[in-house]
Amino acid sequence: MSANLTKRDFAKGAGAAAFGMTTGAPLAGRAQTSAESQPKSVQGVAATFPEGFSWGVATSAFQIEGAVKEDGRGASIWDTYAHTPGKIRNGDNADVANDHYHRYRDDVRLMQDLGVKNYRFSIAWPRIFPNGIGQPNPKGLDFYRRLVDALLEAGIEPFPTLYHWDLPQALQDKGGWQSRDTAKAFADYAGYMARQLSDRVKRFFTINEFFSFVDIGHRGVEMMVDGKKVRIEHAPGVRLSNAKLNQVRHHAVLAHGLSVQAIRANAKAGTKCGPADNLSTAVPAIETPENIKAAEIATREMNAGYLTVILEGKYTDAYLAAAGKGAPKFTEDDLKIISSPVDFIGINIYRPSVYVVASERAPGFRPIPFNKSHPRMLSLWHLLGPEVMYWAPRQIQSLWKTKEIYITENGCAASDELSTEGIVDDSDRIMFLRNHLAHLHRATAEGVPVKGYFHWSLMDNFEWSDGFANRFGLVYVDFKTQKRTPKLGAAYFREAIAKNAVV
Ligand code: FCB
């Protein structure tokens with residue numbers, strides 16, 4: 001770029017074209033140019049990740065598969081919810097979604113082109129047990145066998161998640177997560193999958209994002225966005241009392257613990273497992289020892305019903321005190337099951353939950369509200385705070401001495417549009433990625449044991465209540481034709497993978 005460009009040139013909005021730059025060049029050409037520059041951190045040292053760091057992409061069954069009535073698949077709560085008028089933006093549903101059920105081989109090829117060596121996908125429980133329990137459906141299982149085989153042939157390690165929110169509707173009809181039997185049914189399904197797939201799958205994630213399907217699904221959350229109140233809801237879309245909600249939480253972590261035991265009992269020796277949770281993370285507003293400590297206290301308490309009880313085997317005193325009469329009903333044995341040892345912790349990291357500073361008053365921290373002008377990405381909930389990518393894994397290690405951490409999701413939606421030249425220039429996604437990777441790099445450089453990073457998502461897909469409006473993919477999908485087009489962000493990610501570094 002010309003050295004004579006001034007800020008004013010950009011401010012005038014002269015645009016790239018005025019400087020003889022095209023608004024987009026083919027992917028290959030760009031990769032070549034960037035290959036000339038070495039990744040540098042601020043100190044001028046290459047920001048390289050540890051050797052063997054695993055790079056991957058993530059998706060989930062309901063968001064991409066489609067084929068909802070094929071080969072004996074049962075209905076899930078998300079089918080019901082998506083077909084309830086008014087629930088999904090633009091009246092979208094996921095009956096076809098990305099048609100991945102039929103196009104999975106093409107999608108594996110897309111991953112190969114990116115250079116990823118790991119793929120996190122989820123298994124649709126209602127494909128395997130159409131009624132949640134009872135007779136397994138061989139055709140459903142066969143799909144995941146074929147997918148896993150295609151991945152292994154392509155040199156990509158499969159990381160299946162057993163529950164990414166698509167509860168069989170038949171179980172919902174019997175009380176869903178409000179019933180303890182659902183935890184038991186989940187463990188049976190998990191054990192079955194471990195027995196069927198552990199000849200070719202070495203690592204399983206149990207449950208994706210407790211808060212998202214428990215709290216958002218069974219109460220809904222309200223948040224302020226750009227000064228306005230916004231309500232976010234997930235299937236099954238009920239509004240429970242505190243006591244009932246706390247019991248659903250308990251059943252969810254119990255399901256996790258029972259599934260860990262079922263995987264251990266049924267899988268080949270050496271199979272590993274752990275949760276993939278969206279840790280609510282407090283970030284110190286100013287980095288001082290007092291604030292760092294305060295943020296850890298806040299993170300531990302904010303996750304009391306989920307990762308904290310999973311990793312400590314008890315509910316914190318503050319959690320039980322705050323719940324009062326509405327506290328979950330549980331036994332000591334439940335706590336032992338819930339805290340069954342795991343091999344790794346997966347965390348989905350999108351944003352800080354809160355910024356904090358230390359306080360002399362109990363509980364030891366003061367939450368700093370997000371300023372109205374705090375920047376966000378396209379999704380209304382998605383406030384920007386890339387430093388969370390450093391603090392989340394650091395706090396996990398510091399609080400619970402975890403030896404193996406995966407970033408199981410991170411990414412952003414952007415207002416991507418296919419240009420007339422057939423390209424998508426997602427500058428904001430690249431900005432997002434570079435900044436998050438830089439903070440993740442700080443964590444690995446300081447010895448925090450983060451073993452890998454999965455980008456959400458491989459391709460645009462059905463983004464729950466936002467339907468197809470919010471595109472999270474590295475690959476653009478035309479949902480009318482199912483044509484896939486890698487965005488510029490894909491070229492960025494490929495470059496980062498190739499260099500194993502922030503680029
Ligand atoms: C996470 C979900 C995932 C996707 C991203 C954007 O909460 O696990 O399915 O929707 O958000």
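All ligand and atom numbering here is 1-based and tracks the order in the structure.
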Handout entry: Exam field: side chain Asn131 to backbone Gly74, donor-acceptor pair closer than 3.5 Å
Key = no
Any heavy atom of Asn278 under 4.0 Å from ligand 1? The part involved is neither
* Asked: Is the shortest N/O to N/O distance between Trp456 and ligand 1 below 3.5 Å?
  -> no
In ligand 1, the atoms that come under 4.0 Å of a heavy atom of Trp464 are 3 (C), 4 (C), 9 (O), 10 (O)
Start with the C-alpha gap between Glu70 and Lys139, add the side-chain angles, then the distance that decides, and say whether salt bridge (charged side-chain N to carboxylate O under 4.0 Å, His left out) holds. CA-CA 9 Å; Glu70 231 166 290; Lys139 285 191 174 166; over 6 Å; no
Quiz item: Is Ser339 reaching over with its side chain to a backbone N or O of Leu311, donor-acceptor style, under 3.5 angstrom?
Solution: no
Test your reading of the structure: does Gln63 have an N or O sitting under 3.5 Å from an N or O of ligand 1? yes
* Asked: Would you say Asn461's side chain and Ala97's backbone share a donor-acceptor pair under 3.5 angstrom?
  -> no
(Q) Please confirm whether the ring centroid of His218 lies under 6.0 Å from the ring centroid of Trp177. (A) no
Review point. Does the ring-ring contact (aromatic ring centres under 6.0 Å, His included) test come out yes or no for Tyr492 and His455, once each step is laid out?
Key: CA-CA 12 Å; Tyr492 175 87; His455 189 79; 9.4 Å; no
When distances are taken from atom 5 (C) of ligand 1, the protein heavy atom at minimum range is Tyr350 OH, 3.2 Å
Per-atom filter on ligand 1: closer than 4.0 angstrom to a heavy atom of His164 are 2 (C), 3 (C), 8 (O), 9 (O)
Ion pair present between Arg73 and Glu65, side-chain N to carboxylate O less than 4.0 angstrom?
no
For Asn208, the atoms of ligand 1 under 4.0 Å from one of its heavy atoms are 8 (O)
re atom 10 (O) of ligand 1, the protein heavy-atom contact at minimum distance is Glu463 OE1, 2.6 Å
shortest atom 2 (C) of ligand 1-to-protein heavy-atom contact is with Glu409 OE1, 3.3 Å
For atom 7 (O) of ligand 1, the closest protein heavy atom turns out to be Glu209 OE1, 2.6 Å
